[in-house]
Peer 1: 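Have a look at this one before I ask anything.
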Amino acid sequence: MRRSKDGVDNFRIICGLLYGIGIYLFMNFVVLPLSAIPFKMSYPLASLVGGLLIHMLGIGLPIALVVRRYSR
């Protein structure tokens, strides 16, 4: 059990950033199209980059660091 956890511990920043990307993609390509929004979604480059950075640095990275700190 500990051996598989060591891999995640060593790459917690990368895992957090990837988690943020996954959250962004899921929200924009699964949840929003299935919701009742009345307009067609568009993804201009500035909005896409801004959204990805916010989700990576504001959601994924803090979650990964908090989980690492309190999982011991």
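Along the sequence shown, residues carry numbers from 1.
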Peer 1: Minimum heavy-atom separation for Gly16 to Ala64, with atom names?
Peer 2: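 Where Gly16 meets Ala64 most closely, the heavy atoms are CA-CB, 3.6 Å.
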Peer 1: Give, for atom CD1 of Ile59 and atom OH of Tyr24, the distance between the pair rounded to the nearest 0.5 Å.
Peer 2: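 Going from CD1 on Ile59 over to OH on Tyr24, the span is 11.5 Å.
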Peer 1: So, taking the atom named CZ in Phe29 and the one named CG in Leu34, what distance separates them when rounded to the nearest 0.5 Å?
Peer 2: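 Reported value, rounded in 0.5 Å steps: 13.0 Å.
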Peer 1: How long is the span from the CG atom in Leu18 to the CD1 atom in Ile14, to the nearest 0.5 Å?
Peer 2: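 Nearest 0.5 Å value for the CG-CD1 distance: 7.5 Å.
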Peer 1: Sequence neighbours excluded and cut-off under 3.5 Å, please list the side-chain donor-acceptor pairs for residues 42-58, or say none.
Peer 2:
unit_1 : atom_1 : unit_2 : atom_2 : d
Tyr43  : OH     : Asn28  : O      : 2.8
His55  : ND1    : Gly51  : O      : 2.9

